[in-house]
Amino acid sequence: MKIATYNVNGINGRLPVLLKWLALAQPDIVCLQELKAPQEKFPETPIRDAGYDVIWHGQSRWNGVAMLSRIGELHETRRGLPGDPRDEQSRYIEAAVGGILVAGLYLPNGNPWPGPKYDYKLQWMARLDTHLETLFDLKAPVVACGDYNVIPTDLDVYKPENWKDDALFSPEARAAFQGILDQGWTDAIRHLHPDERIYSFWDYWRRSYERNAGIRIDHLLLNKAAAKRLKAAGVDTRPRGWEKSSDHAPAWIELADERPKGKNERTRRC
DNA sequence: ATGGCGTGGCTGCCACGA
């Protein structure tokens with residue numbers, strides 16, 4: 001089972017790129033961020049025509065998250081991150097599908113730092129920490145993926161000194177991300193590639209992608225049951241080189257199929 | 001150090017992103 005997270009930076013402007021990538025990569029479950037479309041302007045029909053069930057939480061101009069599945073119906077368990085009823089930004093959606101629980105999130109950018117947007121980011125991360133703690137111990141596999149807008153370590157940024165004053169690389173944001181990992185979550189890409197430079201975002205300007213001047217901010221976190229099934233993880237850089245691309249590329253994992261139970265044990269041994 | 005580019009919304013710009 002292949003699960004991906006992709007910040008599309010505008011779902012309607014990006015639809016041809018998204019559909020081309022879905023056909024190419026054939027992901028089973030996809031979380032999308034930065035739809036930049038109100039609820040009624042989400043392109044539901046072309047996505048369903050591509051073979052996916054879909055749920056989404058839109059917002060005019062900014063934010064917006066969606067989830068796609070081609071392995072069965074999405075059973076939505078939550079929209080909106082709990083912990084602040086006054087928060088009206090569309091940044092969190094959660095659903096059960098195919099025996100696993102998937103959370104798709106778009107963590108606030110937080111720039112400029114310091115400032116109210118930065119405060120909102122840290123508050124949002126504290127709420128995420130609280131909520132993910134309730135999901136970690138579920139018996140079922142849980143995948144919490146999305147644009148975290150956090151560069152976890154120096155290995156995740158092409159030139160750390162350029163980012164030292166940025167909210168994506170602030171000590172507090174990094175500590176908050178580490179705090180979530182300390183609950184026991186596995187950063188899938190880093191776990192399988194401990195020393196490799198892997199990026200998921202490249203600025204549009206200064207030929208950043210051509211120079212591979214990127215950062216890794218799109219993450220897939222796995223609880224114990226999900227980590228046990230982790231087979232592969234990476235970033236699919238192909239669409240980043242296409243015309244009219246997002247500035248992000250999709251990050252993905254592959255989970256092993258659920259192990260057959262009971263009567264199949266014997267036949268597997270033969 | 002600054003600016004560079006791109007999206008969407010409502011009209012010649014502005015807010016926002018990372």
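Letters A, B, ... are given to chains in the order of the sequence lines, protein chains preceding strands, and every chain is numbered from 1. Please read these numbers as outputs of a predicted model, since none were measured by experiment.
- Taking atom CD of residue A/Q33 and atom C1' of nucleotide B/dG17, one finds them 14 Å apart after rounding to whole Å.
- Applying ring-ring contact (aromatic ring centres under 6.0 Å, His included) to A/H219 and the options A/W185, A/Y148, A/F201 leaves one that passes, A/Y148.
- At the heavy-atom level, A/N149 lies under 4.0 Å from the strands shown only through sugar-phosphate atoms.
- As a whole-Å value, the separation of A/K244 NZ from B/dG8 C1' is 11 Å.
- When the C1' atom is used for both B/dG8 and B/dT2, the distance is 26 Å, rounded to whole Å.
- A/D218 comes within 4.0 angstrom of no nucleic acid atom, judged by non-hydrogen atoms across all strands.
- The base of B/dA18 is paired with the side chain of A/N109 by a donor and an acceptor separated by under 3.5 Å.
- Atom CD in A/Q59 sits roughly 11 Å away from atom P in B/dC16 (whole-Å rounding).
- No salt bridge links A/D28 with A/K2; every basic N to acidic carboxylate O contact stays at or beyond 4.0 Å.
- Between the P atoms of B/dA15 and B/dC10, the separation comes to 14 Å (whole Å).
- Among the heavy atoms of the strands, none lies under 4.0 Å from A/F169.
- Using a 4.0 Å heavy-atom criterion, one finds that A/N9 contacts the sugar-phosphate atoms exclusively.
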Please walk me through it: do A/D218 and A/N7 pass side chain to side chain donor-acceptor pair (under 3.5 Å)?
CA-CA 8 Å; A/D218 299 275; A/N7 180 319; 5.3 Å; no
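- The CD1 atom of A/I11 sits 10 Å away from the P atom of B/dG8 (whole-angstrom rounding).
- Per the geometry, CD belonging to A/E34 stands 13 Å off C1' belonging to B/dA15, to the nearest Å.
- The side chain of A/N7 approaches B/dA18 more closely than any other nucleotide in the set B/dT7, B/dA18, B/dG9.
- Comparing the C1' positions of B/dG4 and B/dG9 gives an interatomic distance of 22 Å, to the nearest angstrom.
- If you check B/dA18, B/dG9, B/dG6 against the side chain of A/K36, the one that comes closest is B/dG6.
- Comparing B/dG6, B/dG9, B/dA18 against the side chain of A/R14 picks out B/dG6 as the nearest.
- Distances were taken from every side-chain heavy atom of A/R206 (C-beta onward) to each of B/dG9, B/dA18, B/dG4; the shortest belongs to B/dG4.
- Protein atom CG of A/L15 is 15 Å distant from nucleotide atom C1' of B/dT7, rounded to whole Å.
- Atom name C1', nucleotides B/dG12 and B/dA1: the rounded distance is 29 Å, in whole Å.
- Residue contacts for A/P108: at a heavy-atom cut-off of 4.0 Å it reaches no nucleic acid atom on any strand shown.
- When both pairing distances are held under 3.5 Å, B/dG12 makes no Watson-Crick or G-U pair with any nucleotide shown.
- Between A/W163 and A/W205, the residue anchored closer to the 5' end of DNA chain B is A/W205, taking for each the nucleotide with the nearest heavy atom.
- Using a 4.0 Å heavy-atom cutoff across all strands shown, A/N162 reaches no nucleic acid atom at all.
- For A/R216 and A/Y199, the positive end is not near the middle of the six-membered ring at less than 6.0 Å and at most 45° from its axis.
- Of the candidates B/dG17, B/dT7, B/dG9, B/dG17 carries the atom nearest the A/R91 side chain, counting heavy atoms from C-beta on.
- B/dG4 is unpaired under the Watson-Crick or G-U wobble criterion, no partner having all donor-acceptor distances under 3.5 Å.
- In this structure, A/Y92 OH and A/R79 CZ are separated by 13.0 Å, a value rounded to the nearest 0.5 Å.
- A/Y106 has a side-chain polar atom (N or O) that falls below the 4.0 Å cut-off from OP1 or OP2 of B/dA18.
- Among the protein residues, A/K117 comes within range of the sugar-phosphate backbone only, with heavy atoms under 4.0 Å from sugar or phosphate atoms but none that close to a base.
- B/dG6 atom P lies 18 Å from atom CH2 of A/W242, rounded to whole Å.
- Look at NZ on A/K41: it is 9 Å from C1' on B/dG8, rounded to the nearest Å.
- Under 4.0 Å is where a charged nitrogen must lie from a carboxylate oxygen, and between A/R190 and A/D195 no such pair does.
- Remark: the A/D247 side chain and the A/W202 side chain contain no N/O donor-acceptor pair separated by less than 3.5 Å.
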